[in-house]
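Notes follow once the structure below has been shown.
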2 protein chains.
Amino acid sequence: MKFDVTPIAFVDSCYKEKFATPRQPGIVSEAKGIIALIPPFNDPESVFGLEDCSHIWLQFIFHQCIDKGWKARVRPPRLGGNKKMGVFATRATHRPNAIGMSVVKLDRIETHTNEVLLHVSGLDLIDGTPVIDIKPYVPYSDAIEHAHYPFAQQAPQPMPVYFSIKAETALKTNAHLKKLIDQVLSQDPRPAFHKIDETRVYGAKLEDKNVTWIYKLVNNTCVIEVKNVEPA
Amino acid sequence: MKFDVTPIAFVDSCYKEKFATPRQPGIVSEAKGIIALIPPFNDPESVFGLEDCSHIWLQFIFHQCIDKGWKARVRPPRLGGNKKMGVFATRATHRPNAIGMSVVKLDRIETHTNEVLLHVSGLDLIDGTPVIDIKPYVPYSDAIEHAHYPFAQQAPQPMPVYFSIKAETALKTNAHLKKLIDQVLSQDPRPAFHKIDETRVYGAKLEDKNVTWIYKLVNNTCVIEVKNVEPA
């Protein structure tokens, strides 16, 4: 028994590659994106009333993982990468059906004839992600106050981020991008098994910029220094 | 562009038909069910760690609606059936991809060799529903306290339910079923456009029983009287 699903929209995201894309929505509030409905779903009627909702669920395809199959046990990065969990006890991207769900803030809806653009923030989806459904967030049913998830009780502790003088200069006229970089890197996007190597340069494309950074051990605390921000 | 999804489990539910199945999870706490994983997903390893989670998301197929297509505007029953909303502003079952999501309480997990049964409650899924994914509920990310959904700010007001003497007698030794019937009927499963007709008898199959009931106007309030509870 199989069911077909078809994209109804694609994501235009500030995250251009998997590395440095956050693992949960909502943490990087500065992460903006646009959900652009495609034909025949690009009818403004299909989102009538949605503008009054503060948050929406996106159901989407982990399109960069879909061909890699699944395993009964996975190593979630939040557990340091050395504890194996059942795939259904995690939100891992490699799962039997490569479907994800993310709740994001709906900032505004832009409609023209045959064009529906949902402007969202708090996004954790990579550019080009196919969206298969959009549903309103219904607090009385979705916000379960006393629910218990033992493996991540709260958002990860942010890591301090410092900007080099060169990076500060490059970002002087773009406070939004600086805040985005700060929020993204403070989540520590490194694979959990990487040890601190002060000479190793990391890089990721955010919006239309290449951002590079290094990790430093300072007073026994790891800090991130943003080295360069160059046009992509 | 199309993606295949395949069931990983099927629901064994107390709701045997669409009519009287609640429109949201969590409201009928007495609604019990079992999510039974099917091969090759029926490996106890796949749910390792899940037993410590209080709630789970089920992603599933609206299998009884899938062939009926979708429309850009729908009439949600919660709005009295006379207001049309964009399909993506609702959780309507008839949507471009007939995928639903429900958060339910995970009571316990029963595993044997090649058998994984998730016992859940607060279910709003009909018997035989194909489940395509199971994910843990992660409160810090899923429970958005200040989210706003203007069309249903809170759970619907329950309607008073009375049991006829015959129904009381039939339920004397089954307090759980009585509570289930009470919770299900107090949601008023009637189509919104039905007017009170004291002679009309409604019926639905719950667990292994046929339940029949009528609506009465008493002191300008509608009450439900459960007439009969007979073996199905």
Gap separating the CH2 atom of B:Trp70 from the CD1 atom of A:Ile8, nearest 0.5 angstrom: 9.0 Å
Is atom OH of A:Tyr162 surrounded by more than 12 heavy atoms (other residues, nucleotides or ligands) closer than 6.0 Å? no
A:Ala147 backbone acceptor or donor facing B:Ser54 side chain under 3.5 Å: no
Quick one, A:Tyr137 with B:His148, criterion side chain to side chain contact (heavy atoms under 4.5 Å, CB included). Give me CA distance, side-chain angles, the key distance, then yes/no. CA-CA 8 Å; A:Tyr137 186 88; B:His148 177 65; over 6 Å; no
From the options A:Asp4, A:Thr6, A:Ile66, select the one residue that forms a side-chain contact (heavy atoms from CB on, under 4.5 Å) with B:Phe3. A:Ile66
Among A:His146, A:Glu145, A:Glu45, which has the most heavy-atom pairs under 4.5 Å with chain B? A:Glu45
Contact summary for A:Pro150 and B:Asp52, nearest pair of heavy atoms: CD-O, 3.2 Å
Select, from A:Glu51, A:Lys2, A:Lys84, the one with the greatest count of heavy-atom pairs under 4.5 Å involving chain B. A:Lys2
So for B:Leu37, is it side chain, backbone, both, or neither that comes closer than 4.5 Å to the heavy atoms of chain A? side chain
CG of A:Asn97 to CD1 of B:Ile61: how many Å apart, nearest 0.5 Å? 8.0 Å
Any carboxylate oxygen within less than 4.0 angstrom of a Lys/Arg side-chain nitrogen, looking at A:Asp133 and B:Arg91? no
For the candidates B:Thr90, B:Ile134, B:Val74, which exhibits the highest count of non-hydrogen atom pairs separated by less than 4.5 Å from chain A? B:Ile134
Is it true that, when you exclude B:Lys18 itself, more than 12 heavy atoms of the residues, nucleotides or ligands shown sit nearer than 6.0 Å to its NZ? yes
Kindly say whether A:His55 contributes a backbone atom to a donor-acceptor pair with the side chain of B:Tyr149 at under 3.5 angstrom? no
Can you tell whether the side chains of B:Asp43 and A:Arg73 come within less than 4.0 Å, N to carboxylate O? no
When rounded to the nearest 0.5 angstrom, what distance separates CZ in A:Arg95 from NZ in B:Lys135? 4.0 Å
Please determine, among A:Pro136, A:Ala143, A:Ala72, A:Pro7, the option with the most heavy-atom pairs under 4.5 Å with chain B. A:Pro136
A:Ile27 vs B:Tyr140, side chain to side chain contact (heavy atoms under 4.5 Å, CB included): CA-CA, chis, key distance, verdict: CA-CA 10 Å; A:Ile27 296 170; B:Tyr140 87 79; 4.0 Å; yes
When only heavy atoms count and the cut-off is under 4.5 Å, which of residues 101-130 of chain A reach chain B? A:Met101, A:Val103, A:Pro130
Report the option among A:Asp142, A:Ile132, A:Val87 that has the most heavy-atom pairs separated by less than 4.5 Å from atoms of chain B. A:Asp142
Quick one: of B:Val47, B:Val138, B:Ile56, who has the most non-hydrogen atom pairs under 4.5 Å with chain A? B:Val138
